[in-house]
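To keep things clear, I will list the structure first and then write my remarks on it.
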Amino acid sequence: QVQLVESGGGSVQAGGSLRLSCAASSGYTFMYICAGWFRQAPGKEREAVATIDATGIPTYADSVKGRFAISKDNVEKTLTLQMNSLKPEDTAMYYCADGGWEHLPSGVKRCRGYYWGQGTQVTVSS
């Protein structure tokens, strides 16, 4: 059974930083196609924050570009999200996911999560 375990969430003031990590259970080929960090705030739909493909190319939501950085370690099987210059609107439950490509009618390809971690809460106060 695939297990993805997130860590690193917490409470910070606006402008602060947090580093989220996600580790996969042994024996699982993590990030074989793509993986990413997603978040869901109360009353809102889950959204992709940052995804990364097997070659290490990242994709970011417009709202976090220039502030967040996603990286992966294929040997340690970990996925990391460095979050800087945090804003109150970044407050949400953050989920790590391993996934595959979803091809939209528009022709855009995006990483869709198939296996999910339990989530870690990030709270940013003003």
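Positions are given from 1 along the sequence.
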Working to the nearest 0.5 angstrom, can you tell me the gap between [X] [atom1] and [Y] [atom2]?
X	Y	atom1	atom2	result
L79	N74	CG	CG	10.0 Å
L20	Y94	CG	OH	7.5 Å
R110	T51	CZ	OG1	10.5 Å
K65	T59	NZ	OG1	8.5 Å
Q82	I70	CD	CD1	12.0 Å

Any link between [X] and [Y] through a network of hydrophobic side chains (Ile, Leu, Val, Met, Phe, Trp, Tyr) touching at under 4.5 Å?
X	Y	answer
M93	M83	no
V122	Y60	yes
Y32	Y114	no
L86	W37	yes

Start with the C-alpha distance between F38 and W116, add both sets of side-chain angles, then the distance that settles ring pair (Phe, Tyr, Trp, His ring centres under 6.0 Å), and finish with yes or no. CA-CA 10 Å; F38 299 74; W116 297 86; 4.9 Å; yes
Does a side chain donor of either N84 or S17 reach within less than 3.5 Å of an acceptor in the other side chain? yes
For residues 2-43, pull every pair meeting disulfide (SG to SG under 2.5 Å), keeping only residues two or more places apart or in separate chains. C22-C96, C34-C111
Taking the basic N atoms (NZ, or NE/NH1/NH2) and the acidic carboxylate oxygens, is any pair closer than 4.0 Å for R39 and E47? yes
Between D90 and K87, is there a salt bridge with N-O shorter than 4.0 Å? no
Steps toward side chain to side chain contact (heavy atoms under 4.5 Å, CB included) verdict (R19, T80): CA-CA 7 Å; R19 186 179 180 87; T80 300; 3.5 Å; yes
Assess whether side chain to side chain contact (heavy atoms under 4.5 Å, CB included) is satisfied between I52 and I57, documenting all intermediate values. CA-CA 5 Å; I52 190 166; I57 297 176; 5.9 Å; no
Applying ring-ring contact (aromatic ring centres under 6.0 Å, His included), name anything that partners W101, two or more places apart in sequence or on another chain. none
Minimum-distance pair of heavy atoms, taken over all atoms of [X] and [Y]:
X	Y	result
A61	A48	CB-O, 3.5 Å
A24	L4	CB-CD2, 3.7 Å
P88	S125	CG-C, 4.4 Å

Carefully, step by step, assess K109 and E102 under the rule side chain to side chain contact (heavy atoms under 4.5 Å, CB included). CA-CA 6 Å; K109 182 178 73 172; E102 178 182 27; over 6 Å; no
Verify, without hydrogens or angle tests, whether D73 (side chain) and K77 (backbone) share a donor-acceptor contact under 3.5 angstrom. no
Distance-only, no hydrogens or angles: does the K72 side chain make a donor-acceptor pair with backbone N or O of T55 under 3.5 Å? no
For a side chain to side chain contact (heavy atoms under 4.5 Å, CB included) check, start with the C-alpha distance between S21 and T78, then their side-chain angles and the critical distance, and finish with the verdict. CA-CA 7 Å; S21 293; T78 56; 5.8 Å; no
Is the closest side-chain heavy-atom distance between T91 and Q121 below 4.5 Å? yes
